[in-house]
Amino acid sequence: MGRRQDLEKRQALLAQFGRLIAAEKRLDNLLSIIAGEVRKILSADRCTVYLLDNYKGELWTKVASGGEDQILRLPLGRGVAGFVAKTGSAVNLRDGYRDSRFSYELDELTGYKTKSVLAIPLKGAEGRVLGVFEVLNKTKGAFTEEDEGLLRILATMAASFIENATLYDELRRSHLETIYRMALVAEFRDQKDTARHLRRMSRFAEILARGSGLGRDRAEDIRYAAPLHDVGKVAIPDSILLKPGALTPQEYEEMKKHTIYGSQMLANAESRLLRLAASIAVAHHERYDGTGYPYGLKGEKIPIEARIVSVADVFDALVSKRVYKGAWDIDEAMKYLSSQADKLFDPRVVDVLESRKNELVEALEEENRLLAQGEAFEARIHETEAQFLKHHLKT
Ligand code: C2E
Ligand code: SIN
Ligand code: SIN
Ligand code: FE
């Protein structure tokens with residue numbers, strides 16, 4: 001290819017790179033898009049984007065190993081990437097294993113064999129180091145000075161997007177954590193295994209939402225809003241909430257108000273997730289045939305998120321022990337829910353419950369396993385929040 005065509009091709013790739021990264025605001029997705037594109041543009045076998053965790057003085061990156069994402073952490077100063085982050089200067093090696101700065105950890109973790117390495121600092125608006133761009137194993141020969149220039153351009157283009165996505169991610173996480181903790185407060189008195197119930201039912205809700213044809217983002221929103229469905233129970237007196245036996249009709253009438261209380265607590269929120277939570281809180285005891293509470297809404301008049309959470313909630317309530325009842329086994333619970341399709345529940349959601357039984361049971365078993373492993377603290381916290389705490393708060 002001539003010089004001119006080469007340039008044109010490169011410009012086209014850069015323009016595409018710019019378009020792709022501008023369109024993604026989720027940090028996770030952004031980083032994998034960047035890694036994929038940079039690999040292509042530099043004819044490298046791999047690209048790793050490390051981000052600097054200022055609080056802990058470490059670089060971290062997500063690596064796929066054995067089908068699962070794992071977080072690799074590298075103390076500042078360790079490895080080529082750690083060196084680059086610390087000194088702010090680039091490193092270009094023909095053979096990583098011949099350089100004392102190279103760290104084998106990542107290769108060991110992934111079973112990959114690194115040869116050539118080009119690493120440059122990723123700098124933010126004020127020249128602050130945000131992380132490191134590293135490309136590995138050029139297809140032919142070693143990385144050139146031209147490659148280094150190109151990688152710098154790509155890093156410069158990516159920097160502000162990464163900075164924004166990081167802020168967005170932090171905001172999202174603290175938002176989710178707050179929501180989850182609100183939900184814990186609400187159910188704290190109610191059940192001893194509150195956190196377990198919330199985790200399980202919100203995972204069920206996500207699975208049912210996916211199976212009902214809602215998109216990934218919408219399903220994830222439902223997962224994170226679902227834990228607040230019973231937040232209104234904070235306003236129900238102990239004498240009713242904790243009563244070991246059956247409720248009197250008057251007590252049950254009082255209990256039913258938890259839906260209204262919940263929607264009042266969440267009403268007119270600015271946040272998308274909280275508005276979704278309000279809709280779930282008020283309508284999660286409506287029934288498909290219109291005999292539910294508080295408003296007796298019928299069929300499609302009940303928002304889909306509430307029809308989904310209703311199935312997830314009752315399914316989990318049945319397979320759990322309560323102060324007023326014992327636990328049912330899974331098949332019994334399934335049979336009951338099927339028998340109530342069209343009456344209590346949206347028949348399509350019940351169909352999903354049946355067709356995704358394996359996935360639901362898997363989620364249930366995973367939650368129980370986590371608990372049995374004695375992860376006392378993390379078990380009380382939503383999986384993702386636990387991850388978040390692990391990465392950002394614990395020292
Ligand atoms: P919850 O314990 O989270 O139960 C949620 C929903 O799961 C119930 O909504 C009901 O639809 C279903 N469910 C739970 N256990 C059973 C069961 O043994 N059989 C059947 N068929 N369905 C079950 P529901 O009935 O509107 O109750 C809302 C909340 O009111 C319950 O939340 C619980 O906190 C309270 N509650 C309901 N019944 C009693 C009771 O007999 N005694 C006490 N102390 N509380 C009750
Ligand atoms: C490093 O030393 O920066 C790790 C090199 C690699 O990614 O394999
Ligand atoms: C995610 O990105 O899906 C995890 C959300 C969280 O950080 O809690
Ligand atoms: Fe409820």
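Please read all numbers here as calculations on a predicted model, not as lab measurements. Atoms within a ligand are numbered from 1 in the order they appear, just like the ligands themselves.
Distance check: Tyr50 OH to Arg73 CZ gives 13.0 Å after rounding to the nearest 0.5 Å.
In terms of polar-atom proximity, Tyr293 is counted as a contact of ligand 1, with an N or O under 3.5 Å from an N or O of the ligand. Checked against a 3.5 angstrom limit, the closest N/O atoms of Asp313 and ligand 1 fall outside it. The shortest N or O to N or O distance between His197 and ligand 1 is not below 3.5 Å. The shortest N or O to N or O distance between Trp328 and ligand 1 is not below 3.5 Å.
Across Tyr252, Tyr324, Tyr336, heavy-atom proximity to atom 1 (P) of ligand 1 is greatest for Tyr324. Counting only non-hydrogen atoms, the option in Ala317, Ser339, Ala327 that gets closest to atom 7 (O) of ligand 1 is Ala317. With atom 6 (C) of ligand 1 as the reference point, the heavy atom nearest to it among Leu242, Asp230, Leu318, Val314 is part of Val314. In this structure, of Gln340, His258, His285, the residue bringing a heavy atom nearest to atom 8 (C) of ligand 1 is His285. Around atom 32 (O) of ligand 1, the closest heavy atom drawn from Lys325, His284, Lys233 belongs to Lys233.
In this structure, Glu286 contributes its side chain and Leu297 its backbone to a donor-acceptor pair below 3.5 Å.
Considering every non-hydrogen atom in both Arg152 and Pro121, the closest pair reads NH1-CD, 4.4 Å.
A donor atom on one side chain and an acceptor atom on the other are not found under 3.5 Å apart for Ser310 and His285.
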For a quick test of your reading: what N or O donor-acceptor pairs under 3.5 Å do the side chains of residues 85-94 make, sequence neighbours left out?
unit_1 : atom_1 : unit_2 : atom_2 : d
Thr87  : OG1    : Phe83  : O      : 2.8
Thr87  : OG1    : Ser89  : N      : 3.2
Thr87  : OG1    : Ser89  : OG     : 3.0
Asn92  : ND2    : Phe143 : O      : 3.0

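Under a cut-off of 6.0 angstrom, the local environment of NZ in Lys325 is crowded, with over 12 non-hydrogen atoms contributed by other residues, nucleotides or ligands.
Near Ile240, meaning under 4.0 Å from any of its heavy atoms, are these atoms of ligand 1: 44 (N). Under a 4.0 Å criterion applied to the non-hydrogen atoms of Gly245, ligand 1 contributes the atoms 40 (C), 41 (O), 42 (N), 43 (C), 44 (N).
Around the Fe ion (ligand 4), the protein contributes the following N, O or S atoms at distances under 2.8 Å: Asp230 OD1, His258 NE2, His284 NE2, His285 NE2.
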